[in-house]
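I have placed the structure first, in the form of structure tokens, so that the comments after it can refer back to it.
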Amino acid sequence: MANPVGNFVVHSLRGTSQVFFMENALTGVIFFAAMAYASYVSGVWATTIGAAVGVLVATLTAKLLNCDEPSVASGLYGFNGVLVGAALPTLIAVSPQLWVSVVVGAAVSTVVTAAFGATLTSKWGVPGSTGPFVLTGWLMVAAAYSFGTLQVTGDTPKLASDYVQGLASIPQPQELVEIFFRNIGQVYLLGPAISGVIILVGIFIASVPAGIAAVAGSLIAMVVAIGMGVAPSPVSQGLYGFSPVLTAMAVGVIFLKPSFRVAVYAVLATIMTVFVQGALDVLVAPGGIPSFTAPYVLTMYLFIAPKKLMAPHPHTPVSGHLIEHGREAPAHPAGAAH
Amino acid sequence: MANPVGNFVVHSLRGTSQVFFMENALTGVIFFAAMAYASYVSGVWATTIGAAVGVLVATLTAKLLNCDEPSVASGLYGFNGVLVGAALPTLIAVSPQLWVSVVVGAAVSTVVTAAFGATLTSKWGVPGSTGPFVLTGWLMVAAAYSFGTLQVTGDTPKLASDYVQGLASIPQPQELVEIFFRNIGQVYLLGPAISGVIILVGIFIASVPAGIAAVAGSLIAMVVAIGMGVAPSPVSQGLYGFSPVLTAMAVGVIFLKPSFRVAVYAVLATIMTVFVQGALDVLVAPGGIPSFTAPYVLTMYLFIAPKKLMAPHPHTPVSGHLIEHGREAPAHPAGAAH
Amino acid sequence: MANPVGNFVVHSLRGTSQVFFMENALTGVIFFAAMAYASYVSGVWATTIGAAVGVLVATLTAKLLNCDEPSVASGLYGFNGVLVGAALPTLIAVSPQLWVSVVVGAAVSTVVTAAFGATLTSKWGVPGSTGPFVLTGWLMVAAAYSFGTLQVTGDTPKLASDYVQGLASIPQPQELVEIFFRNIGQVYLLGPAISGVIILVGIFIASVPAGIAAVAGSLIAMVVAIGMGVAPSPVSQGLYGFSPVLTAMAVGVIFLKPSFRVAVYAVLATIMTVFVQGALDVLVAPGGIPSFTAPYVLTMYLFIAPKKLMAPHPHTPVSGHLIEHGREAPAHPAGAAH
């Protein structure tokens, strides 16, 4: 507590580790090592620098907004920012305005995190998780098409009918091993299998059950994606695995207490995430944006939302509808929230 | 109660009838007869088999998840599954992986039903209705474009500008009668007018007011669609009628207590559903997915959500915003839902 | 109170002024003058007539539905209708069915306003604002593509890849002044700078702080849009300014109590709105619809939603999930809302 700058760095590193649900500054350091390795291989350092800028700006914004202090300290306001900061330079060519996008996007990711916390979480009991990154990232990437100073370097937008399908033959064993690790590294948008290895080490250091769930998620994703005949290229790049890895961890060990029933439930969620990945790739393509972790986010929301004592509405009248009770209504004045 | 298998079948048949808001196993049997007739005409039995698999898997999943027992028994966890099971083989060519999609989709439809029940219904007083079918169905169909083992056989995706418009001349009387019944059968994605006749009989057996509302919905939809100049082909196939039929029933007699005021309100909702049908057909087309019952679902949500004593926010400050009250905040610890 | 028709007109004029968060019938009259001036310049009077029809129908619908009387009297049920009525004739060629669309759309905008009030506002503390206009307007415009009697006259739909980008050179001083005012007039879809002048006068008459916020919003939007290299044409037309103007007013002085902290927060929100404008233009383009005020609505929702004591969910189990507690559940019966 004596060193505010030191604390700030620790909180930001915890935010870096929270991308995989961990609260562990050492794991955060290891994740940065995985990013740095990928930058070393690709020669593009903007992604690693962007991640650092993103998590620092997001965490600083949370402190300036007086967000809940324990949440800030545990990194819960940083993990969406680190992903925004890693994603934008991956998809947009470097320019001064790119860095404006990173800073604005990271700061806004904190506001969106607070918004999700006050609505989805506080009212519906659903964790926001990386939803704020997905929303903010989509907006910043889509905006780049409208801004002459930003050039999107990824795939061009297309319609579902443009999709090239190919029955994937089963990859060779060595490639299967590489896919297994790329499935993990791609959560941070990292291509090299070695980066996936480093990240998995970081997860196991923080939590053995979380590491086991990540392993299981990657394996299930490979089996389902190959079995359903996904084209070889995205499978090989790990693009069909990173969301299922997150789902397996989130539903299997993080947001539900591990048990046999929960494990079966998490397997269904993980399988569904592969379908949602295939679906969202198609559905967001006309907008020219990648699906990011949206397949995980959507699936996790749907699987975590069900609560006890909350059943579907029977096919009988709802209570208190405006049209039946409007005449007695004006007792209370207009509006005021809550 | 002595026969668990018999109970299970009855609960599944009730689920089949709940597509039209009825809780009546006989009506469920009649609906299966309507599906079987359409399969007999088309020679494609996968749709009827898919519907059976869908409702059984969805109901079984609900039992395994220990969902609210009275809801399961009344079929409220089955009607989204039966639609998923009927829809996927209608749109995707038969293959082993199609059946994987049906089983996964039906199981997930139960999770989504529980999720909608715990959020939309329990918190906002809005019935989930066939929203879980729409969401799950969209995901499974869109995913098929990414999976080499699944071939989408419906229309190819297109942009709004590709739309072929044609002023519909008013169809001949006999065709009007056929359209009237197809508007009802298409709720189950059935093309033959006879299937619509059978379904309408099933509805009247369970509830006369519901049957009258279905008749009114089909008539209103025809008048509005033809009056607005919808192209002849979709009108003729009943594609502009099935959502308005559901809206008329839901808003007119199921979720509101019937009265003159409610009837007028339901007419406005039914008319709007035709507009929403036209809109969603255009808006979801780039994604290569059909609108399913989304026009009904969206319109019904908007018309059932208004409640007494809940007014718009005036243009004055909201209470308790983070930025004004952040400093006093950290008394409560982070997070926990509710 | 003695004159119901007079009251009704006053309530409708207040609704006209509420588009800019004001409750002032004189301001409403001035806004109609701004619309009339634009109609005089363009020769198209359907927009002004549509706005009048829209606000009258929406306000009348609210009275018929027995909506909260103080809200109706202050115009809170009218401002979405006036925008629907102004927007549809701007985008769709005049025909008898256009007027059907205007009347149906305006009536439905009141239902949607009530729906947003009962959910977003009452449950999440987020004002609905012009969200109902955006949703209703999108549906009515998209539907026009499916209706042979309605011809959409705006841009044809396109993909993000079709976007023509151009680095905007900084406009000449006189054009900057015109852009400044067009940024304000475009809230009402008005092109002439003079209309923006008239509207700004109307705002200042009702509230000086609101007027200052509008001025600041327009200036910030110009700087950000030009700095990010938006193409000259939309900047020149004021299309990059009207949503930021609304955001600056809403976040800076209407929904939060003005202070230095709030001003900084509002500046971030206003900058973000320019990014969201660029993003939504791209994302809604495949559907053939304009973004309307959605950039303001989305940004404002995200910036107003955060509340004190509502933190993100920590990465620990959620409470009361169905799968863990299902067995004890059936004590309560199924369903019923609230």
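Remember, it's a predicted structure, so these values are computed and weren't measured experimentally.
Contact count versus chain A (heavy atoms, under 4.5 Å) is highest, among Thr316(B), Val141(B), Val104(B), for Val104(B). Counting heavy-atom pairs under 4.5 Å between each of Thr61(B), Val108(B), Leu256(B) and chain A puts Leu256(B) at the top. For the set Gly128(B), Gly117(B), Ala107(B), the count of heavy-atom pairs under 4.5 angstrom toward chain A peaks at Gly117(B).
Atoms CH2 and CH2, from Trp124(B) and Trp124(A) in turn, are 4.5 Å apart once rounded to the nearest 0.5 Å. Going from atom CG of Leu309(B) over to atom CG of Leu322(A) covers 9.5 Å, rounded to the nearest 0.5 Å. Going from atom CD1 of Ile226(A) over to atom OG1 of Thr149(B) covers 12.5 Å, rounded to the nearest 0.5 Å. To the nearest 0.5 Å, the span separating OG1 on Thr136(B) from CZ on Phe275(A) amounts to 12.0 Å. Separation of atoms CD1 (Ile323(A)) and CZ (Phe303(B)) is listed at 9.0 Å; rounding is to 0.5 Å.
Partner Ser146(B) forms a side-chain contact (heavy atoms from CB on, under 4.5 Å) with one of Val274(A), Leu280(A), Val282(A) and no other, that one being Val282(A). Of the residues listed (Leu120(B), Thr121(B), Leu76(B)), the one engaging His313(A) in a side-chain contact (heavy atoms from CB on, under 4.5 Å) is Thr121(B), and it is the only one.
For a residue to count as touching a neighbouring chain, one of its non-hydrogen atoms must lie under 4.5 Å from one of that chain's; by this rule Leu298(A) touches chain B with the side chain only. Contacts of Ile271(A) with chain B are made by side-chain atoms alone, with heavy-atom separations under 4.5 Å and no backbone atom involved. Residue Ser74(B) does not touch chain A at all, counting heavy-atom pairs closer than 4.5 Å. For Gln18(B), the parts lying near chain A are the backbone and the side chain together; criterion is any non-hydrogen pair under 4.5 Å. Contacts between Ser95(B) and chain A at a heavy-atom distance below 4.5 Å are absent for every atom of the residue. Neither the backbone nor the side chain of Phe20(B) comes within contact range of chain A; no heavy atoms are under 4.5 Å apart.
Across every non-hydrogen atom of Lys123(B) and Lys123(A), the tightest pair is CE-O, 3.3 Å. What you find for Pro286(A) and Pro286(B) is that their closest heavy atoms are CG-O, 3.8 Å. Shortest non-hydrogen contact noted between Ala118(B) and Ala305(A) is CB-O, 3.4 Å. Pairing each heavy atom of Leu64(B) with each of Arg261(A), the nearest pair is O-NH1, 3.2 Å. Counting all heavy atoms, side chain and backbone alike, Lys257(B) lies closest to Pro317(A) at CG-CG, 3.9 Å. Here the closest non-hydrogen pair linking Met228(A) and Val100(B) is SD-CG1, 4.3 Å.
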Phe255(B) vs His315(A), test: ring-ring contact (aromatic ring centres under 6.0 Å, His included). Steps then yes/no. CA-CA 7 Å; Phe255(B) 295 125; His315(A) 288 142; 5.7 Å; yes
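At least one side-chain heavy atom of Pro312(A) sits less than 4.5 Å from a side-chain heavy atom of Tyr77(B). Inter-residue side-chain proximity for Leu65(B) and Tyr265(A) is flagged as met; some heavy-atom pair is nearer than 4.5 Å. Looking only at side-chain heavy atoms (C-beta outward), Leu139(B) and Met272(A) come within less than 4.5 Å of each other.
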